[in-house]
Participant: 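Structure below; questions to follow.
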Amino acid sequence: MDLYSVLCVSDRTRAAEWCEALFGRPPDEITGEEYLWQLGENAWVVVDDRDVRAERVGGAMITLGVTDLDDILARLAAHGIDHEPVETYGNGVRHVVVLDPDGNSLSLAEPPTR
């Protein structure tokens with residue numbers, strides 16, 4: 001089974017630049033009008049600004065499990081991208097919410113080191 005999480009955006013070019021900063025690379029694929037980043041063997045984030053998606057712009061909520069949270073936050077800061085404060089849950093997971101220019105929520109969650 002494959003997972004495609006769609007970020008409905010108002011401007012695909014602006015969103016692609018933002019995602020390049022988040023993921024540290026350009027899209028892995030461009031299919032028609034969609035930009036796709038592969039984040040796992042069968043997991044993708046898709047940027048889509050087609051008119052058919054207009055009423056859904058800014059409504060996505062995605063949580064990504066990461067192992068290099070501090071590096072990602074430093075890369076985002078270098079691109080002028082802000083985030084909410086980093087929280088540490090009782091189980092040791094570090095979690096932060098990052099909003100794209102349209103208000104889509106991409107949370108980053110890093111498990112504790114063992």
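These figures come from a predicted structure and were not determined experimentally.
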Participant: Test: ring-ring contact (aromatic ring centres under 6.0 Å, His included). Region: residues 24-43. Which pairs qualify, not counting sequence neighbours?
Facilitator: Phe23-Trp37

Participant: Go through the structure and list residues passing ring pair (Phe, Tyr, Trp, His ring centres under 6.0 Å) with His95, not counting sequence neighbours.
Facilitator: Tyr89

Participant: Answer with yes or no whether the hydrophobic clustering places Val6 together with Trp44; edges join I, L, V, M, F, W, Y residues whose side-chain heavy atoms lie under 4.5 Å apart.
Facilitator: yes

Participant: Hydrophobic clustering (ILVMFWY, side-chain heavy atoms < 4.5 Å, transitive) - are Leu106 and Val93 grouped together?
Facilitator: no

Participant: Sort and list the pairs that fulfil salt bridge (Lys or Arg N to Asp or Glu O under 4.0 Å) and have at least one residue in residues 10-21, not counting sequence neighbours.
Facilitator: Arg12-Asp49, Arg14-Asp102

Participant: When clusters are formed by joining ILVMFWY residues with side-chain heavy atoms under 4.5 Å apart, either directly or through shared neighbours, do Tyr4 and Leu22 land in the same one?
Facilitator: no

Participant: Start with the C-alpha distance between Trp18 and Val9, add both sets of side-chain angles, then the distance that settles side chain to side chain contact (heavy atoms under 4.5 Å, CB included), and finish with yes or no.
Facilitator: CA-CA 11 Å; Trp18 189 90; Val9 300; over 6 Å; no

Participant: Would a distance-only check, ignoring hydrogens and angles, find a side-chain to backbone donor-acceptor pair under 3.5 Å from Asn104 to Leu7?
Facilitator: no

Participant: Can you pull the salt bridge (Lys or Arg N to Asp or Glu O under 4.0 Å) pairs that have at least one residue in residues 23-39, sequence neighbours excluded?
Facilitator: Arg25-Asp28, Glu34-Arg50

Participant: Using the salt bridge (Lys or Arg N to Asp or Glu O under 4.0 Å) rule, collect all pairs that involve residues 68-89, keeping only residues at least two apart or in two chains.
Facilitator: Asp70-Arg94

Participant: Can you name the side chain to side chain donor-acceptor pair (under 3.5 Å) partners of Arg53, sequence neighbours left out?
Facilitator: Asp48

Participant: Can you tell me how far the OG1 atom of Thr67 sits from the CG atom of Leu108, to the nearest 0.5 Å?
Facilitator: 11.0 Å

Participant: Is it possible for you to say whether Val86 and Val66 belong to one hydrophobic cluster, with membership spreading through side-chain heavy-atom contacts below 4.5 Å?
Facilitator: yes

